*Asks:* 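Here's a structure for you.
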Amino acid sequence: MTQITLQTGPQRRRRWSEEERRRILATAFTPGAVVADVSRRLEVSTSLIYKWRKQAMAGQAGAAFAPVVLASDRAAAVALANTTAIMLELGNGARLTIGAQASGALVTAVVRALR
């Protein structure tokens, strides 16, 4: 038997908080996840998930994608700060290396300038 949800009243659209959006995006785009499966399980339109992702990647909606690494001691944090986090190879053969200590604003500005 198919389940049907009937919404009545003045507000027929579901409202998602920023925290819920971030959680859904993290779930949908983890390695090995299938967006369609996540959308069915969480009862969210697939197109809405992709819209949120596009907004997050454009810096809207107060969200951005960045991996987080927790270091248990100061020495590990210092060693991590001195490592390469991102290496971009451009079409003309030039390479851009971005260190782990670079701020998100700096990385965003450099990548936008290279477009």
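For clarity, every value in this text was computed on a predicted model and none was experimentally measured.
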*Asks:* What pairs of residues pass the salt bridge (Lys or Arg N to Asp or Glu O under 4.0 Å) test when at least one of them lies in residues 97-108, not counting sequence neighbours?
*Replies:*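 Output for this query is empty, none listed.
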
*Asks:* Listed by chain and number, what are the side-chain hydrogen bond (donor to acceptor under 3.5 Å, both in side chains) partners of Ser45, not counting sequence neighbours?
*Replies:* Ser47

*Asks:* The criterion is side-chain hydrogen bond (donor to acceptor under 3.5 Å, both in side chains); which residues satisfy it with Arg23, sequence neighbours excluded?
*Replies:*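 side-chain hydrogen bond (donor to acceptor under 3.5 Å, both in side chains) list for Arg23, sorted by chain: empty.
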
*Asks:* Show the nearest heavy-atom pair for residues Trp16 and Ile24, with the distance to one decimal.
*Replies:* CZ3-CD1, 3.5 Å

*Asks:* Taking only residues two or more places apart in sequence, or in another chain, which ones meet Ser17 in a side chain to side chain contact (heavy atoms under 4.5 Å, CB included)?
*Replies:*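 Ser17: side chain to side chain contact (heavy atoms under 4.5 Å, CB included) contacts with Glu19, Glu20.
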
*Asks:* Looking only at heavy atoms, which two atoms of Ala36 and Thr46 are closest? And how far apart?
*Replies:*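 What the structure gives for the nearest pair is CA-OG1, 4.2 Å.
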
*Asks:* Please name the pair of heavy atoms, one in Ile49 and one in Ala28, separated by the smallest distance, quoted to 0.1 Å.
*Replies:* CG2-CB, 4.0 Å

*Asks:* Hey, what do you get for CZ (Arg53) to CG (Leu48), rounding to the nearest 0.5 Å?
*Replies:* 14.0 Å

*Asks:* Using the salt bridge (Lys or Arg N to Asp or Glu O under 4.0 Å) rule, collect all pairs that involve residues 31-43, keeping only residues at least two apart or in two chains.
*Replies:*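 Pairs touching residues 31-43 that pass the test: Asp37-Arg40.
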
*Asks:* Sorted by first residue and then second, give each ring pair (Phe, Tyr, Trp, His ring centres under 6.0 Å) pair with at least one member in residues 31-50; sequence neighbours left out.
*Replies:* Phe29-Tyr50

